[in-house]
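This report refers to the structure that appears directly beneath it.
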There are 2 protein chains.
Amino acid sequence: MRIGQLAQLVGVETQTIRFYEQQGLLPPPDRQDNGYRVYTEKHGEGLAFIRRCRILGLSLAEIHELQSYQDDPHQPCTAVNALLDDHISHVRSQITALQALEKQLVSLRASCNDDREVEACGVLAGISEGNMHQ
Amino acid sequence: MRIGQLAQLVGVETQTIRFYEQQGLLPPPDRQDNGYRVYTEKHGEGLAFIRRCRILGLSLAEIHELQSYQDDPHQPCTAVNALLDDHISHVRSQITALQALEKQLVSLRASCNDDREVEACGVLAGISEGNMHQ
DNA sequence: ATTGACCTTATAGTAGCTTTATAGTTTAAA
DNA sequence: TTTAAACTATAAAGCTACTATAAGGTCAAT
């Protein structure tokens with residue numbers, strides 16, 4: 001299987017595959033005589049794993065960590081769960097921060113209707129004067 | 001006022017100030033004979049405005065846009081409000097996406113306790129098999 | 001023989017800074 | 001007065017996770 005087919009199969013661009021290889025997330029595949037990369041099903045699984053992790057918001061470094069656990073399957077999986085717990089709490093704090101931000105933005109927006117000149121705009125005034133009550 | 005004092009006043013690093021200048025967000029200040037930048041209160045206000053916008057999650061491009069409105073204070077402020085409305089809806093969709101993600105992560109986490117070997121880890125299995133029901 | 005689709009590498013660009021390197025200036029202590 | 005700490009300057013690289021571009025080699029079909 002060549003890089004284009006693999007890319008289509010998993011739904012990524014070929015450059016992304018080369019990028020993952022370069023980053024050490026995908027093992028370097030064999031090459032044909034002409035230099036073309038040749039992939040196996042294992043590569044497909046590996047790539048799909050990476051993509052699912054990315055969809056879950058894991059960083060490449062975290063994926064690397066998970067892979068190192070996969071390579072040593074008889075450890076306890078405490079570290080895997082800890083990684084996920086960390087990630088969950090990270091996502092939760094992002095949500096909290098964004099909700100606070102939304103409140104702030106909405107109240108800022110409420111300070112102006114659309115019928116003013118920029119000079120008298122409540123939104124700009126609000127930002128300029130720092131009416132942002134944290 | 002030199003760059004270090006301004007930085008301390010507003011709570012940013014000196015490099016950040018130079019960066020904003022380079023990006024055209026802060027007007028280039030006068031220089032002393034030795035080349036040191038000399039800032040006025042206006043610069044302080046401008047920098048504080050930028051920082052408050054950043055805290056509100058606005059991009060440098062959006063800040064630039066707001067500044068262009070400030071420079072022409074007799075337009076109607078419709079565009080300012082529109083920019084903010086866009087940003088609010090952007091933040092809201094981020095929140096929605098993160099909440100969906102959190103649900104997914106929590107259910108993945110629930111598929112494993114900590115007393116297994118990596119080989120049998122429900123979390124890794126869940127990702128590997130793509131039990132991610134969108 | 002040439003077109004088109006595919007493959008290769010290397011390099012730069014994206015956002016918003018932060019870090020590093022290298023060097024000149026000011027200020028305070030020894 | 002010397003010297004060292006603290007400040008300033010510029011330029012360039014690093015960060016994340018790709019995406020895009022350039023310049024070229026390979027292959028099948030026409």
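Any value given below was found using the heavy atoms of this structure, including those in side chains, with hydrogens, waters and symmetry copies removed.
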Looking at dT8(D), I'd like to know if its phosphate oxygens (OP1 or OP2) sit under 4.0 Å from a side-chain N or O belonging to N34(B).
no
For E117(B), look at atom CD and say whether over 12 heavy atoms of other residues, nucleotides or ligands are found less than 6.0 Å away.
yes
Using a 4.0 Å heavy-atom cut-off, does R18(B) contact any base of the nucleic acid, only the sugar-phosphate backbone, or nothing at all?
base
Counting side-chain heavy atoms from C-beta on, which of dC18(D), dG25(D), dA17(D) comes nearest to Y36(A)?
dG25(D)
Does a side-chain N or O from Y20(B) land closer than 4.0 Å to OP1 or OP2 of dC17(C), or not?
yes
Are E45(B) and F49(B) close enough that some pair of their side-chain heavy atoms sits under 4.5 Å apart?
no
Within the structure, does a side-chain N or O atom of R37(A) lie under 4.0 Å from either OP1 or OP2 of dT8(C)?
yes
Side chain of L60(A) only, heavy atoms from C-beta on: which candidate in dC18(D), dG16(C), dA9(D) is closest?
dC18(D)
R2(A) has a side chain; which of dC6(C), dC18(D), dA20(D) sits nearest to it?
dC6(C)
Taking OP1 and OP2 of dG16(C), is either one under 4.0 Å from a side-chain nitrogen or oxygen of T16(B)?
no
Does this structure show an ion pair linking R109(A) with D114(A), if we count only N-O contacts that are shorter than 4.0 Å?
yes
I want to verify a distance call: between dT8(C), dC18(D), dG16(C), whose nearest atom is closest to the S59(B) side chain?
dG16(C)
Looking at L47(A) and L26(A), what are the two nearest heavy atoms and their distance?
N-CD2, 3.9 Å
Between its two end axes (five pairs each) the helix from dA1(C)-dT30(D) to dA30(C)-dT1(D) turns, nearest 10 degrees, through 40°
